[in-house]
Amino acid sequence: FSTFPSMEFLSVSNTQLNNPELGALDGCGKLKYLDISRNNVTELPAGVYQPCQHLEVTDITQNPIVEIDGDFVRSLPALQQVIIDSTLMY
């Protein structure tokens, strides 16, 4: 996504996404809304999302979340809302 440095909204909802890899969101420094709902995401590690310092809202609805890194929220200073409707937390 480094070719879209001004991108503020990204939706990869219902795309069979698994866990994003480290570096997947590099270049998304202006991202404010990230929708990864209805996928196969099982963990939210802090390092993957850390480039998104302006992220305000993320939607993780309907994902089989197993682990949320304790630093996930702390690494995103602008984060105001995590939407978790119908998310299975194991």
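Worth knowing before you read on, the calculation uses all heavy atoms, side chains too, and leaves out hydrogens, waters and symmetry mates. All figures in this text were calculated on a predicted structure; none of them were measured in a lab.
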**Prompt:** Are the side chain of D59 and the backbone of T61 linked by a donor-acceptor contact shorter than 3.5 Å?
**Reply:** yes
**Prompt:** Where the side chain of N19 meets the backbone of T42, is there a donor-acceptor pair that is under 3.5 Å apart?
**Reply:** yes
**Asked** Can you tell me how far CG of L76 sits from NE2 of H54, rounded to the nearest 0.5 angstrom?
**Response** 11.5 Å
**Item:** Gap separating the CZ atom of R38 from the OG1 atom of T15, nearest 0.5 angstrom
**Value:** 11.5 Å
**Asked** Between CG of L25 and CG of L55, what distance do you get to the nearest 0.5 Å?
**Response** 9.0 Å
**Message:** Counting C-beta onward and ignoring hydrogens, is there a side-chain heavy-atom pair between I65 and V41 closer than 4.5 Å?
**Reply:** yes
**Message:** Using every non-hydrogen atom in the two residues, find where Y49 and P20 come nearest and quote the distance to one decimal.
**Reply:** OH-CG, 3.6 Å
**Asked** Rounded to the nearest 0.5 Å, what separation is found between the CD1 atom of I68 and the CD1 atom of I84?
**Response** 7.0 Å
Would you tabulate the side-chain donor-acceptor contacts of residues 28-35 under 3.5 Å, counting partners in other chains and residues two or more places apart, or write 'none'?
from, atom 1, to, atom 2, distance (Å)
D35, OD1, S37, N, 2.9
D35, OD1, S37, OG, 2.6

**Message:** So, taking the atom named CD1 in I36 and the one named CG in L10, what distance separates them when rounded to the nearest 0.5 Å?
**Reply:** 9.5 Å
**Request:** Calculate, to the nearest 0.5 Å, the distance between atoms CD1 and CD1 belonging to I83 and I60 respectively.
**Result:** 9.5 Å
